[in-house]
Trainee: 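Here it is, the structure, as structure tokens.
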Amino acid sequence: MKKLNKLIIPIIVFLITYVIYIFKLDQTFFYHPDFARDLHEILKIAQGDIAFIGPKLTFGGLYTGPYYFYLYVPIFFLTRYSIASVFYFNAFLFSLALAYFCKKAIEAYGKYKGLFSSLALGLTPLFIIGGRSPSNAYAFIPFFLFLLTTLFFNKKFSRSLIIFIGFIFGVILNFHYVNLLFLPAILLFLAMKIKLRKELLMSIFLFFTGIAISFVPLVAFEIKNNFIMITNTFIQKSYLGWINNQNIPLGMIADKNPFKNILFLAKYIKNYTLLNPITMISVIGLLMVILKSEKKQWKLFFSILITFLLFSIVIRFQFIPHYIFGLSFFIYFILLITVLNQKNNYLFALIILFIVLEVIYFPKYLYQPTWRSSTKFEKAVNYVIDNNLLKKDDSFNVVQITKENLMATIGFEYRFFLRKNNYIANSEFAYKQSKTLIIFSELENQDVSQFKSWEVEEFGFNYLTQAKKYRIEDLTIYKVTKP
């Protein structure tokens, strides 16, 4: 009974945050081309394919590990490929990690501090957005919370646990390699827990062993494919596209000056934590000086400064906001722990203040009906199948034309539903070998014979004049067949 009582508050935290994360989810989720691409890969695995790599990064020719895809495969398979199940399971992971943090925080600081610190974390814009948005940009955050919670609150670290922690950090790296910048801080936290030098050296070795294990799929892929990623990225120097901001259209670029770049990154971090990180760091640092905090607390505080500086040095070139999602979480988490560790209980009022601000600036826009649901794409694919525009053994490929110029000509939004019905489109690199091309156009008056893209050029631009035209609601479908 006592054990059950200890779980009541963590369960409350789980339920509160889970309801917030899933509320109106079916009506609001945005069927983004990147998410459709990921669903397509998850579906392939659920149908029996084996994946050694995950999504491609913008840095050269590097790919991430496959863990992001495999994370959602079981629930996807059990629900017969329901898109909604991925969203609900993603929210479950975020809330479960928060409940775990809450349990550990209650054991260390008491039930009130555990409850309110968990809510302060779970109600940040970062967690609300991430809890409602399964993607490799956000899905590592529950694992990061689990890792940091374990490092901070566990008193004993067996060798198997250290290997497991290393593996979890490796998985986090496999979501995005920018997370490697957290390594110095993680090693510092490990050193703070393990005092004896011999034990620390062994622990570091075991930690890196865990990381190495997590990279086995990527290493296997590289060996099988003659180290194609390393060759393309570093020998053929495709990484320069990232350095020079040339590999994505309209890409942003950070400030080349590392110190000015801190201000640049802080502006974006504020969007996900509500408070400017420089302000948060300054205020809490000042309070620590006034309260004469212990040396251990200063180590935590300086871990934020070191990590922030590392990000400002490395992220000085091409910039996409998801580069700093992990940093946003890390800064907020460490500041929460720093406040909780202070002996002066009046500082706890800061956490209450955080929650008040989060309620006032709650991101209501996330609950607006989506303008791009998956329904119309599924209807279009059903039309193609029901009207026999394709046969399952056809050699075909897909192109889409969008109103918003989403630069997603490959059309994974449609490929997913086609594959779900066992109509397997050829690879996005095999347009030339395809015999049939299905074009889904959101532009009613588009002269498809004048549409130009790499995909169409590969298939054969001259064949477009023979396109057969079909119409379903606000979508035009063209079927182009080679003689």
Trainee: With a 4.5 Å limit on heavy-atom distance, are the side chains of Ile281 and Leu305 in contact?
Mentor: yes

Trainee: Return the set of residues passing ring-ring contact (aromatic ring centres under 6.0 Å, His included) with His176 (not counting sequence neighbours), or none when no residue passes.
Mentor: His322, Tyr323

Trainee: What I want to check is whether the side chains of Tyr88 and Asp26 have a donor and an acceptor closer together than 3.5 Å.
Mentor: yes

Trainee: Are the side chains of Leu300 and Phe152 in touch, meaning some heavy atoms are under 4.5 Å apart?
Mentor: yes

Trainee: Please tell me if the side chains of Glu358 and Leu274 come closer than 4.5 Å, counting only heavy atoms from C-beta onward.
Mentor: yes

Trainee: For Phe157, enumerate each residue passing the ring-ring contact (aromatic ring centres under 6.0 Å, His included) test, keeping only those at least two apart in sequence or located in another chain.
Mentor: none

Trainee: Mind checking whether Asn154 and Lys104 have side chains closer than 4.5 Å, heavy atoms only?
Mentor: yes

Trainee: Quick check on Lys376: does its NZ atom have over 12 non-hydrogen neighbours (other residues, nucleotides or ligands) under 6.0 Å away?
Mentor: yes

Trainee: With under 30° as parallel and over 60° as perpendicular, where do the rings of Tyr268 and Phe319 fit, or are they tilted in between?
Mentor: tilted

Trainee: Is the gap between the ring centers of Tyr72 and Phe76 under 6.0 Å?
Mentor: no

Trainee: Begin from the C-alpha positions of Glu199 and Lys193 and carry the test salt bridge (charged side-chain N to carboxylate O under 4.0 Å, His left out) through to its verdict.
Mentor: CA-CA 10 Å; Glu199 289 185 12; Lys193 287 289 185 176; over 6 Å; no

Trainee: For a 4.5 angstrom cut-off between non-hydrogen side-chain atoms, does Phe396 reach Lys391?
Mentor: no

Trainee: Determine whether a donor-acceptor pair (N or O, by modelled atom type, separation under 3.5 Å) exists between the side chain of Asn261 and the backbone of Asp255.
Mentor: yes

Trainee: Check whether more than 12 heavy atoms from other residues, nucleotides or ligands sit under 6.0 Å from atom CD1 of Ile228, and answer yes or no.
Mentor: no

Trainee: Do the charged groups of Glu107 and Lys103 touch, with an N to O distance under 4.0 Å?
Mentor: yes

Trainee: Take Asn382 and Phe417 through the test side chain to side chain contact (heavy atoms under 4.5 Å, CB included) and record every step on the way to the result.
Mentor: CA-CA 8 Å; Asn382 288 339; Phe417 287 111; over 6 Å; no

Trainee: Can Glu41 and Arg415 be counted as an ion pair, charged N to O under 4.0 angstrom?
Mentor: no

Trainee: Mind listing the closest non-hydrogen atom pair of Leu98 and Gly122 along with its distance?
Mentor: CD1-CA, 3.6 Å

Trainee: State, without any angle test, whether Asn232 and Ser238 hold a side-chain donor-acceptor pair at a distance under 3.5 Å.
Mentor: yes

Trainee: Please examine the side chains of Asn226 and Thr231, heavy atoms only from C-beta on, and report whether any two atoms are closer than 4.5 Å.
Mentor: no

Trainee: Which is it for Phe311 and Val178 under the side chain to side chain contact (heavy atoms under 4.5 Å, CB included) test, yes or no, and what are the steps along the way?
Mentor: CA-CA 8 Å; Phe311 269 81; Val178 73; 3.7 Å; yes

Trainee: Counting only heavy atoms not in Tyr81, do more than 12 fall under 6.0 Å of its OH?
Mentor: yes

Trainee: Using the six-membered ring wherever Trp is involved, compare the ring planes of Tyr31 and Phe35 and label them parallel, tilted or perpendicular (cut-offs 30° and 60°).
Mentor: perpendicular

Trainee: Assign the ring pair Tyr367 / Phe23 to parallel, tilted or perpendicular, where the plane angle (0 to 90°) is split at 30° and 60°.
Mentor: tilted

Trainee: Report the relative orientation of the aromatic rings in Phe127 and Phe329; use parallel for angles under 30°, tilted for 30 to 60°, perpendicular for over 60°.
Mentor: tilted

Trainee: Quick check: are there more than 12 heavy atoms from other residues, nucleotides or ligands sitting under 6.0 Å from NZ of Lys482?
Mentor: yes

Trainee: Students often mix this up, so state it plainly: with edges at 30° and 60°, are the rings of Phe221 and Tyr63 parallel, tilted or perpendicular?
Mentor: tilted

Trainee: Taking the side chain as every heavy atom from C-beta outward, state whether Leu336 and Thr338 have any pair of such atoms under 4.5 Å apart.
Mentor: no

Trainee: Do Lys432 and Glu455 meet the salt-bridge criterion of a basic N to acidic O distance under 4.0 Å?
Mentor: no

Trainee: For the residue pair Asn426 and Ser395, confirm or rule out a side-chain donor-acceptor distance under 3.5 Å.
Mentor: yes

Trainee: So, do Pro217 and Tyr67 sit near enough that their side-chain heavy atoms are less than 4.5 Å apart?
Mentor: yes

Trainee: When the aromatic ring centroids of Phe169 and Phe182 are compared, is their separation below 6.0 Å?
Mentor: no

Trainee: Applying ring-ring contact (aromatic ring centres under 6.0 Å, His included), name anything that partners Phe29, two or more places apart in sequence or on another chain.
Mentor: Phe87

Trainee: Are the ring centres of Phe412 and His40 closer than 6.0 Å?
Mentor: yes

Trainee: Please step through side chain to side chain contact (heavy atoms under 4.5 Å, CB included) for the pair Arg372 and Phe377, ending with a clear verdict.
Mentor: CA-CA 9 Å; Arg372 200 169 200 263; Phe377 298 92; 3.6 Å; yes

